[in-house]
Trainee: 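To start, I am sharing the structure in question, which I have written as structure tokens.
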Amino acid sequence: MERWQHSLAASITGLEKLAKHHPVNEEALRPVVDRYPMRITPHYLKLIKGPGDPIWLQCVPDSRELAEDDLPTDPLDEERLSPLPGLIHRYPDRVVLLVSSSCPTLCRFCMRKSKTGTPPVSIEPGVKYIERNRAVRDVILSGGDPLVLPDEELEAILKKLRKIPHLEIIRINTRSPVTLPDRITVRLSRMLKRYHPLYVNTHFNHPLEITPESSGACARLADAGISLGNQTVLLKGVNDKPEVMKELMQKLLTIRVRPYYIHQTDLVKGTGHFRTSVKQGLKIIASLRGHTSGLATPHYVIDLPGGKGKVPMLPDGVKRRGRTFFLRNYQGEVVEYPDTGE
Ligand SMILES: *Cc1c(COP(=O)(O)O)cnc(C)c1O
């Protein structure tokens with residue numbers, strides 16, 4: 001076993017074990033864990049400073065997950081958008097291939113939390129689907145976390161995908177740099193490098209997650225020529241304050257990760273306590289735009305219910321009279337801009 005596999009095996013999955021590290025009410029949380037499994041890597045556990053802190057909220061089960069929140073288990077209609085199990089095809093030129101159903105640390109706010117640990121499906125039909133659909137030029141490997149697969153299995157998938165002539169880019173969406181940084185070995189990075197153009201989108205939600213270990217993991221990927229993006233989920237109590245989000249975005253750039261999206265929390269059953277208002281999300285974006293580098297300013301998107309797609313949200317709609325646009329700058333000043341007469 002490699003070192004990361006030992007770390008993974010040492011993850012906390014039982015409440016008794018968690019109680020040895022932190023004060024938790026085992027009795028109260030047992031039904032939560034029965035419904036939505038828990039898994040916390042030793043690295044991520046180490047980042048918790050105390051009950052209710054931003055790391056704790058993301059990984060420690062909470063009785064509010066069982067509240068009757070009337071939210072659907074699959075608000076994005078991923079089942080309907082799946083022409084076959086494990087493949088989601090919503091947009092014309094790109095598909096999501098679900099290559100694993102688990103993660104090193106199970107996030108309590110996960111959009112696919114009701115599917116955690118479902119038996120793996122064969123990726124073969126998904127590969128065939130992409131082969132048949134010449135419009136697909138971009139595949140996103142997701143799950144679960146694709147990097148829970150051993151190097152050889154992951155490479156077998158990449159190899160098959162790279163044989164498809166019309167498939168231009170491959171993306172891997174993974175939280176391993178944050179929760180299991182050991183996973184990003186030099187060996188893995190060297191392997192991935194053979195399948196360029198390859199993009200990795202990772203998932204940092206709080207500045208406390210930027211550690212020497214996670215920074216090292218990102219550096220190894222970046223040194224292999226992999227462009228790193230970040231998707232953050234807007235989470236109440238974790239990163240719903242402009243100061244926190246700005247620090248996170250700026251720090252990501254220092255570890256060579258480009259902020260890509262801030263996601264409005266999806267309306268997923270068992271995650272209602274993380275919901276933040278769109279108004280607050282817009283306030284956060286307004287606090288970034290113009291006040292810090294454009295590089296540190298991601299798109300703030302709402303993934304519409306029913307699988308209708310992501311919509312970028314911008315503070316202040318553009319106003320227009322005739323051919324004159326009235327545009328608000330980052331200081332709140334409205335400035336006129338004359339368009340061409342065409
Ligand atoms: C978000 C998403 C994508 C990728 O969208 P990009 O905006 O290209 O990053 C593709 N398919 C589905 C189903 C998605 O939810």
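Each ligand, and each atom within it, is numbered from 1 in the order the structure gives. None of the values given here were measured: they were computed from a predicted structure. Below, all heavy atoms of this structure are taken into account, side chains as well, without hydrogens, waters or symmetry copies.
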Trainee: Taking atom 12 (C) of ligand 1 as the point of reference, which of D266, V95, V96 owns the nearest heavy atom?
Mentor: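 Shortest heavy-atom distance from atom 12 (C) of ligand 1: V96.
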Trainee: With a heavy-atom distance limit of 4.0 Å, tell me whether L81 approaches ligand 1 through its side chain, its backbone, both, or neither.
Mentor: neither
Trainee: Would you call R171 a ligand 1 contact, heavy-atom distance under 4.0 Å?
Mentor: yes
Trainee: Taking the six-membered ring for Trp, are the ring centroids of Y44 and H206 within less than 6.0 Å of each other?
Mentor: no
Trainee: Counting from 1, what ligand 1 atoms have a heavy atom of I88 closer than 4.0 Å?
Mentor: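 So the atoms of ligand 1 that pass are 13 (C).
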Trainee: Donor-acceptor check, side chain of T105 to backbone of T41, threshold 3.5 angstrom: yes or no?
Mentor: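 Between the backbone of T41 and the side chain of T105 there is a qualifying donor-acceptor contact (under 3.5 Å).
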Trainee: Checking side chain to side chain donor-acceptor pair (under 3.5 Å) against R108, which of Q58, E65, H273 comes through?
Mentor: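 Option passing the side chain to side chain donor-acceptor pair (under 3.5 Å) with R108: E65.
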Trainee: Taking 4.0 angstrom as the limit and counting only heavy atoms of Y261, give me the atoms of ligand 1 inside it, by number and element.
Mentor: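 Listed by number with element, the hits are 6 (P), 7 (O), 9 (O).
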Trainee: Going by the order shown, which atoms of ligand 1 are within less than 4.0 Å of some heavy atom of Y260?
Mentor: 6 (P), 7 (O), 8 (O), 9 (O)
Trainee: Does Q280 reach the main-chain N or O of D240 with its side chain, forming a donor-acceptor pair under 3.5 Å?
Mentor: yes
Trainee: Would you please indicate yes or no on a ring centroid separation below 6.0 angstrom for Y330 and H291?
Mentor: yes
Trainee: Among all protein heavy atoms, pick out the one at the shortest distance from atom 14 (C) of ligand 1; state its residue, atom name and that distance to 0.1 Å.
Mentor: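 Residue, atom and distance for the closest contact: K310 NZ, 3.0 Å.
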Trainee: Hey, is D138 close enough to R171 for a salt bridge, meaning N to O under 4.0 Å?
Mentor: yes
Trainee: Using a plain distance cutoff, I'd like to know if Y91 has any nitrogen or oxygen under 3.5 Å from a nitrogen or oxygen of ligand 1.
Mentor: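 Among all N and O atoms of Y91, none is under 3.5 Å from an N or O of ligand 1.
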Trainee: At a non-hydrogen distance cut-off of under 4.0 Å, which region of R94 contacts ligand 1 (side chain, backbone, both, or neither)?
Mentor: side chain
Trainee: Considering the heavy atoms of I140, write down every atom of ligand 1 situated less than 4.0 Å from one of them.
Mentor: 3 (C), 4 (C), 10 (C)
Trainee: Within the 4.0 Å heavy-atom shell around R90, which atoms of ligand 1 are there?
Mentor: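 Within the 4.0 Å cut-off of R90, ligand 1 contributes 13 (C), 14 (C), 15 (O).
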Trainee: Looking at D223 and K193, is there a salt bridge between them, counting it only when a charged N and a carboxylate O are closer than 4.0 Å?
Mentor: no
Trainee: Side chain of R258, backbone of L295: donor and acceptor closer than 3.5 Å?
Mentor: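 Confirmed, R258 side chain pairs with L295 backbone.
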